[in-house]
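For reference, the structure discussed in these notes is given below.
Below, read A as the first sequence line, B as the second, and so on, with proteins coming before strands; counting in each chain starts at 1. The basis for the numbers below is simple: all heavy atoms, side chains too, and nothing from hydrogens, waters or symmetry mates.
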Amino acid sequence: MSSITGGLADTKQTAASPIRSSLWRQAFRRLRKNKLAMAGLAFIVFMFLVCFFGPLFSPYANNKINPAIMNQAPSFKHWLGTDLLGRDVLTRLLQAGRISLTVGIASMIISVIIGSILGAVAAYYRGIVDQIIMRIADLLLTIPSLPILFILGALLSEWKVPVEYRMYIVMLMLSFVGWPGLARLVRSQMLTIREREYMQAAIVLGLNDRRKLFNHMIPNIVPLLIVISTLSIGGAILSESVLSFFGLGVMPPTPTWGNMIDAANNLIDFEQHPWLWIPPGVAIFTTVIAINIFGDGLRDVLDPKQKK
Amino acid sequence: MAELTIAASEGITPQQNAPLLEVKDLKTYFPIKSGLFNRTVGYVKAVDGISLTLQAGETFGLVGESGSGKSTVGRSIIRLTEKTSGEVLYKGNDLYNMPEKELRHLRPKMQLIFQDPYSSLNPRVRVGDAIGEALLNHGLAPKEETRDRVLDVLQACGLSSYHIDRFPHEFSGGQRQRIGIARALILNPDLIIADEPVSALDVSIQAQIINLFRKLQMTRGLTYLFISHDLSVVEHLCSRIGVMYLGTMMETAPRDELFTHPLHPYTKALLSAVPVPIPRLKRERIVLKGDIPNPANPPAGCKFHTRCPYATDICRQLVPEFRHMGSEHYVACHLV
Amino acid sequence: MKNNVIEIDHLSTYFYTEEGAVKAVNDVSLRIREGETVCIVGESGCGKSVTAMSIMGLVEEPSGKVVDGRIHFEGRDLLRIDKHELRQIRGNDIAMIFQEPMSSLNPVLTIGMQVMEPLMEHQKLSKKEARKRAIELVELVGISRPEQIVDSYPHELSGGMLQRIMIAIAISCNPKLLIADEPTTALDVTIQAQILDMLRQIKEESNTSILLITHDLGVVAEIADYVIVMYSGKIVEEGDVVELFEHPLHPYTQGLLRSKPIIGQRQDELYSIPGQVPNPLELKESCYFYDRCEHCMSICRTQQPVLHSRAGRQKVACWLYEEGVSHG
């Protein structure tokens, strides 16, 4: 938050005002008191560290195929066993985590950018622009997102998109179904704030549009946006997993949690080799739960509707 | 005063001898939309032909019950709500007939103080910023000076200098209203429109804010349009008072005249309905029958005739004129 | 001497927040006699509404809790009877009117249904009888065309009409005690005058006791027989309305009365009580009013004054009136 008089206060009066604390810091202090949310955050951080740095310490990171040790049960050498090509499941699980988390976060960022820009444009210009943007968004929202994703995924396979690009295209696909909800939210929030009495006060003070937008409207939308973005990462991870599970998302050999669970599709693997599909399942489950718990905690401390 | 004239001369040319504010036959209607295609099926006549003139330094009280349109008058004057017809002249210049940019530069001269001190402050903006930002935004003070100006006005409004870095939620209702007043005051306005500024406050705090309004009026020569439903507050602060009912002015008179010789039956009823904290006092009360009619469908003739104990046939048919009764006393009633 | 309808002894209700416990009602005792109107007056946060909620058993756990006290009503302690028994008393022997009539009526039920409900529940009337009685009640509270009104929905009526409907519901079972929590605050003055007249009429005709909660001293003077002044969860002064208004003893009562502008008694500057209500989380063993009080003495900062009887029924909790305390 850039503030002009506040900035002056910083330079002139740092010693004289020890209680000067920003709303963000106050929110963080309250968040720290929420043990469940902090546990969620800790788990997310743990997951990130392990997924991104774990494979560096693994002797099996080269994904070499070794038919001699196919489908081995967990052992000291291979903590989570090996898969049907003799690759180490734990290493692949962590490598898959990199992809799944990256896809989740990247698609969230893209849909937040598209959604907030379109939502803000709709709320600002209103009239015909608003109508066009919101009707498109409504249209996309009326079709359940999974069928759309399936069709898009099937098209990708049809067009023979190279495997290494599929990850990026999956991100775009998830953003494509993710933005309408965000656009609606940003638009309605902007319209609500516009009607707030403090915005009317800004009119009476004769503030210019730039100041109204950047000092009054945006700071009131950002907290909500943070909460929604956090929660939508979980959704994106789930959608990616579903797509990959059906073979329509990221394709092997690039591992993701979704295509690893694909092993459960095979009755023999499902019954005989549970170490192939239980670990990625647990990874998805725990990560998404942790993200949702953390998101709820954020909502409690950031949502402007909640009274102190 | 030098500052005032400089700032005013930037945007507009004040007319010689023109009153500070002149409202002529102001009408503000709100469309009632209904049906599949959002067609306008009627209008709520929130303000239905109000005229008033405020001389510089005057305190005018606008009194009325809910639905009388008193707040809409204030909002239409400063173009927070657009009028339907009529004229609003500020120093002889039509506020509805000037470019957007010019209006924006003129806005600091006419400030509104809101009823709800909770919702009229942005919860994410520090008090110092909220008060000082308009000054900076209009270039009315250099950046280095802003903080001192904010501190001055905080002090004038009974707040302390350490409050400058706090957020609105750290203040009580009375203090927030002081912040709202400070935010308006720092711009050196000519006209302050106060829309029920004390009705959300507790009695002991109310008295503090009323005193503040009075002190500022005396020290700075402000002109107030004070909108309130509470006659006792208006009596305390205002030199001239107008009584509104269903979008129409029923009576205007200098304060003492209005309270000692009210002419309109509605004014009389309103006065007698105000509870007085003297238990032994048993007054003869005029208790009005029925409710305030729906402003979307006001009664024909005199709008008050449905509740007036003295209504006659003429009241049901003819709209009474707003007549001069001597010594600045005007009334719209057939029976006076 | 008339009988007491309700006797409340040492009632304490706390609310539990993140930052600590708030003593919303702190050791409050009061009595209401038959056919008497008692007003609790005070500013927001003084605990006047919570007192009413505690009587009605409306304090919601776990955020709030009645931690101590007794509420004697017809030989029973309302705090120690089971839910079923309390439900029989509520709406029947003790009825309540709230500040916002719009939000206390159910928007999807007709007015008639809502007036009939307690009649069928408590008085065991048949549907037909209840409807007949409902129409009578609606007419009784001064609404014309009652037959049509009972078939309309809350959103079709104005605030003043709805408050009259609330009163009709409240008096439908001839309660012994009517609790009205800021019943006229949301209404216009001319409508307020109507409602106050009606409450007075109910009291005179059916000898109902009324506990009226308000912040408006004007309303108190209009309607009260007996006044209780609360500040920060405690009673600071109480007494018969005329004595209390003419000879207020507690500096807070004095300040409150002086700070209200009165038509025809204009002063250049209104008296105002300096400062503001203390933070309920930071109350210490002291008179809670000491830092706003003109007469503050050293004892006021360290010891809490107790409510003691003065002349007549008037009581005050202030060190100024205690024997053996050095004034100055």
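Both the backbone and the side chain of B/Val203 come within contact range of chain C, each with at least one heavy atom under 4.5 Å from a heavy atom of that chain. Contacts of C/Arg258 with chain B are absent, with no heavy-atom separation under 4.5 Å from either backbone or side chain. Heavy atoms of C/Ser158 lying under 4.5 Å from chain B belong exclusively to its side chain. For B/Asp256, the part sitting under 4.5 Å from any heavy atom of chain C is the side chain, from C-beta outward, and nothing else. In this structure, chain B has no heavy atom under 4.5 Å from any part of C/Tyr252. For B/Leu231, the parts lying near chain C are the backbone and the side chain together; criterion is any non-hydrogen pair under 4.5 Å.
The shortest heavy-atom contact between B/Pro275 and C/Val219 is CB-N, 3.7 Å. Nearest heavy-atom pair, B/Ala273 versus C/Thr190, reported as atom, atom and distance to 0.1 Å: CB-CA, 4.2 Å.
Not one N or O on the side chain of C/Asp188 forms a donor-acceptor pair closer than 3.5 Å with the backbone of B/Glu65. Without hydrogens or angle criteria, C/Gln194 side chain to B/Leu288 main chain gives a donor-acceptor distance under 3.5 Å. With C/Gln276 contributing its side chain and B/Ile205 its backbone, the two residues share no donor-acceptor pair below 3.5 Å.
B/Ser204 and C/Glu43 form a side-chain donor-acceptor contact under 3.5 Å, judged by distance and modelled atom types alone.
Proximity of C/Gln265 to B/Ile278: side-chain heavy atoms (C-beta onward) are separated by under 4.5 Å at one or more points. Using a 4.5 Å heavy-atom cutoff, the side chains of C/Ile262 and B/Pro277 are in contact. Contact annotation: the side chain of C/Ile263 never approaches that of B/Val276 to less than 4.5 Å [non-hydrogen atoms, C-beta and beyond].
Within a 6.0 Å sphere centred on OH of B/Tyr43, heavy atoms belonging to other residues, nucleotides or ligands number 12 at most. Applying the 6.0 Å contact sphere to CD of B/Gln155 captures no more than 12 heavy atoms from other residues, nucleotides or ligands.
Here C/Asp268 does not pair with B/Lys215 in a salt bridge; the nearest charged N to carboxylate O distance is not below 4.0 Å. A salt bridge is absent between B/Arg214 and C/Glu269; no separation between the charged side-chain nitrogens and carboxylate oxygens falls under 4.0 Å.
Contact count against chain B (heavy-atom pairs under 4.5 Å) is highest for C/Gln267 among C/Gln192, C/His215, C/Lys260, C/Gln267. Per-residue heavy-atom pair counts under 4.5 Å with chain B were compared for C/Gly264, C/Gly218, C/Gly142, C/Ser259, and the maximum is reached by C/Gly218. Interface remark: of the candidates C/Asp216, C/Ile223, C/Val242, C/Val242 forms the most heavy-atom pairs closer than 4.5 Å to chain B. Heavy-atom pairs under 4.5 Å with chain C were tallied for B/Arg307, B/Gln206, B/Met218; the largest tally goes to B/Arg307.
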